[in-house]
Amino acid sequence: MGTASQSVADTARSTDFPSLVRTDVSEQLELQFYYSVSFGSGTSAKMSVFVGSLVCTFFLTVNGLYSSGDDVVELTPTNFHKEVMQSDSLWLIEFYAPWCGHCQRLAPEWKKAATALKGVVKIGAVDADKHQALGGQYGVTGFPTIKVFGLNKYKPEDYQGGRTSQAIVDAALNSVRSLVKDRLGGKSSGSESGRQSSGGSSGKKDVVELNDDNFDKNVIGSDDIWMVEFYAPWCGHCKNLEPEWAAAATEVQEQTKGKVKLAAVDATVSQMLASRYGVRGFPTIKIFQKGEDAVDYDGGRTRADIVARALDLFSENAPPPELLEILSEDGLKSTCEAHQLCIISFLPHILDTGAAGRNGYLEVMLKMAEKYKKKMWGWLWAEAGAQSDLEMSFGIGGFGYPAMAAVNSRKMKFALLKGSFSEQGIHEFLRELSVGRGSTAPVAGGAFPKINTVEPWDGKDGELPAEDDIDLSDVDLDDIAKDEL
């Protein structure tokens, strides 16, 4: 017997022939047949012969157990949602693997049941070896696994019946009766999205709905930061997260002016997208930033936790806020009305400090704006005396420059810096405000006063106004002296 043939036979531990051996070769099944050959009367020897000229090998490529000619509907991630989840029909679905012996034995019975139930119950099959993510969504860990998708498609039930066509048909008809009774009892179908049916879209107006079709267009390459939740409608943890996610989305939208977006992907529908980012459980939250790989969000699940992380992401990537000079009424109102707080500084006149001195004050303000940029406050300044009515409304007016006021334009209340106009002094002032401490007072008149329109500072030192020359040639100083005497 040849060495190669002997090796295969030894590996298979075959003692009787013919024998069938399965070996994996390039994802195909190589079937090698052996049989006994008799040599003469009373003498026989067992030797393996490959079918062909003593050696024959053929390959069987496994493409699945069902074909388009069967009444079994072949289901994939592409058609599963449309065929099953959006259907009002009762479905029995087998999750199988082509190499599974139990699945192979079930296949003819499954086909018979499908034919018998045609027009009454839908019979489907998923190659869960090929579409592992789809099987994983329904907790498939062994083969075959059969699920019954009844009234609530997002809560399929395990099939526990026999594996004959008769047993399958009987179980299907019992499930149909139960479904009809539930409908008579007023129970509604769960074929729509669990999120939509549980609260509508009004409660999550700022959560962007993403799917396989619009994800790349909206997220990939976007200058905005995206926090994306991958969920399953039947998932209890996802349902608990939903109101927190929706509330956080609205707050983040307001505080970042849309620069950080919260989104949601129904991973049972957009299965290719979920598979692309390695989603294995629900909910899974991923953070997407331009030019970077997606990273997992591992923070808390409350609104406050989510907002805090979103603001951290925003502050890490946002440029420092602009420091603007108050030049008109529109400039003041547009800045203060767009921010929770407006930090306004009144700097000494340019003749008192020169350009270098003024730039020193502005540099302090810019550093504080950078330090507190996560708060997303507005930052303004004006030269002493240029907006005297505004100064008076804060009780400043005429002295004590530089001065600073933190203004809430919605409540028309303000707080004044009592310490030094320095990084340390301003930091202590703003820190107290950020934690809700510090004394406040109402803006005089309950509204901003008239704002003067002025020219912007040109960045140069100030110049004294030119004085008119006085001609003293005609004045007789001796006569003046005599008059005084």
Side-chain angles (χ1 to χ4, degrees), residues 22 27-29 31 59-180 189-191 232 234 267-272 274-275:
R22 171 182 175 270
E27 299 182 354
Q28 294 175 314
L29 297 180
L31 304 179
F59 295 91
L60 172 63
T61 302
V62 179
N63 290 320
L65 301 180
Y66 305 98
S67 67
S68 58
D70 299 323
D71 291 315
V72 176
V73 180
E74 294 184 272
L75 298 169
T76 67
T78 303
N79 68 358
F80 192 90
H81 183 75
K82 180 179 180 181
E83 293 287 346
V84 180
M85 308 305 287
Q86 295 182 339
S87 168
D88 288 328
S89 300
L90 179 80
W91 280 82
L92 266 67
I93 300 175
E94 175 203 4
F95 294 84
Y96 72 92
W99 45 261
C100 161
H102 293 297
C103 302
Q104 293 167 8
R105 287 189 289 275
L106 173 63
E109 300 297 319
W110 199 244
K111 293 176 184 178
K112 288 180 184 178
T115 300
L117 292 166
K118 189 173 183 179
V120 180
V121 174
K122 297 278 191 178
I123 302 294
V126 174
D127 184 344
D129 188 48
K130 182 177 181 181
H131 306 299
Q132 295 180 9
L134 182 54
Q137 289 178 14
Y138 295 103
V140 175
T141 57
F143 305 113
T145 292
I146 300 173
K147 299 277 185 177
V148 181
F149 289 75
L151 188 66
N152 188 344
K153 295 295 192 297
Y154 292 98
K155 290 184 178 180
E157 299 176 356
D158 289 330
Y159 171 81
Q160 303 289 358
R163 302 293 175 86
T164 65
S165 57
Q166 185 60 57
I168 295 165
V169 168
D170 290 342
L173 295 178
N174 287 334
S175 295
V176 169
R177 281 191 285 270
S178 296
L179 183 147
V180 172
S189 172
S191 60
W234 44 260
T268 65
V269 177
S270 300
Q271 296 170 7
M272 293 177 63
S275 177

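Quick note: residue numbers are just sequence positions, from 1. Since the model is a prediction, treat every value here as computed from it, not as a measurement.
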**OP:** Can you measure from CZ (F143) to CG (D127) and round to the nearest 0.5 angstrom?
**Re:** 8.0 Å
Subject >> Which atom of P77 lies closest to which atom of L134, heavy atoms considered >> reply: N-CD2, 4.0 Å
Original post:
What distance separates L106 CG from Y96 OH, expressed to the nearest 0.5 Å?
Top reply: 11.0 Å
Subject >> Residue list, side-chain hydrogen bond (donor to acceptor under 3.5 Å, both in side chains) with T78, at least two apart or on another chain >> reply: none
Original post:
What heavy-atom pair brings K153 and P156 nearest, and what distance separates the two atoms?
Top reply: O-CD, 3.7 Å
Subject >> Any residue meeting ring-ring contact (aromatic ring centres under 6.0 Å, His included) with Y159, in chain and number order, not counting sequence neighbours >> reply: none
Original post:
Atom CE of M85 and atom CG of N79: how far apart are they, to the nearest 0.5 Å?
Top reply: 13.0 Å
Subject >> Check: K111 and Y66 side chains under 4.5 Å, non-hydrogen atoms >> reply: yes
**OP:** Among L92, V169, I93, find the one that has a side-chain contact (heavy atoms from CB on, under 4.5 Å) with I123.
**Re:** L92
Subject >> Minimum-distance pair of heavy atoms, taken over all atoms of G162 and I168 >> reply: O-CG1, 3.9 Å
Original post:
What do you reckon, is NZ of K122 surrounded by more than 12 foreign heavy atoms closer than 6.0 Å?
Top reply: no
Original post:
According to the salt bridge (Lys or Arg N to Asp or Glu O under 4.0 Å) rule, which pairs have a member within residues 133-145, sequence neighbours left out?
Top reply: none
**OP:** Quick one: sort the F80 and F149 rings into parallel, tilted or perpendicular, breaks at 30° and 60°.
**Re:** perpendicular
Subject >> Heavy-atom closest contact (L75 atom, G124 atom, distance) >> reply: CD1-CA, 4.2 Å
Original post:
From K112 NZ over to D71 CG, what is the distance, rounded to the nearest 0.5 angstrom?
Top reply: 13.5 Å
Original post:
Is any side-chain heavy atom of D158 closer than 4.5 Å to a side-chain heavy atom of K147?
Top reply: yes
Subject >> Interatomic spacing from CG in L151 to CG in L179 - rounded to 0.5 Å >> reply: 5.0 Å
Subject >> Side-chain heavy atoms of T145 within contact of Y138, under 4.5 Å >> reply: no
Original post:
Taking only residues two or more places apart in sequence, or in another chain, which ones meet K155 in a salt bridge (charged side-chain N to carboxylate O under 4.0 Å, His left out)?
Top reply: none
Original post:
Does any non-hydrogen side-chain atom of K130 lie less than 4.5 Å from one of P98?
Top reply: no
Original post:
Quick one: are H81 and V84 in side-chain contact, heavy atoms under 4.5 Å?
Top reply: no
**OP:** Grab the two heavy atoms, one from L65 and one from C103, that are nearest each other, plus how far apart they are.
**Re:** CD1-O, 3.5 Å
Subject >> E109: partners by side-chain hydrogen bond (donor to acceptor under 3.5 Å, both in side chains), with sequence neighbours left out >> reply: S165
**OP:** Indicate yes or no: at least one non-hydrogen side-chain atom of W234 is less than 4.5 angstrom from one of T268.
**Re:** yes
**OP:** Could you list all the salt bridge (Lys or Arg N to Asp or Glu O under 4.0 Å) pairs where at least one residue sits in residues 162-178, not counting sequence neighbours?
**Re:** none
Original post:
Are side-chain heavy atoms of L90 and V148 found at a separation under 4.5 Å?
Top reply: yes
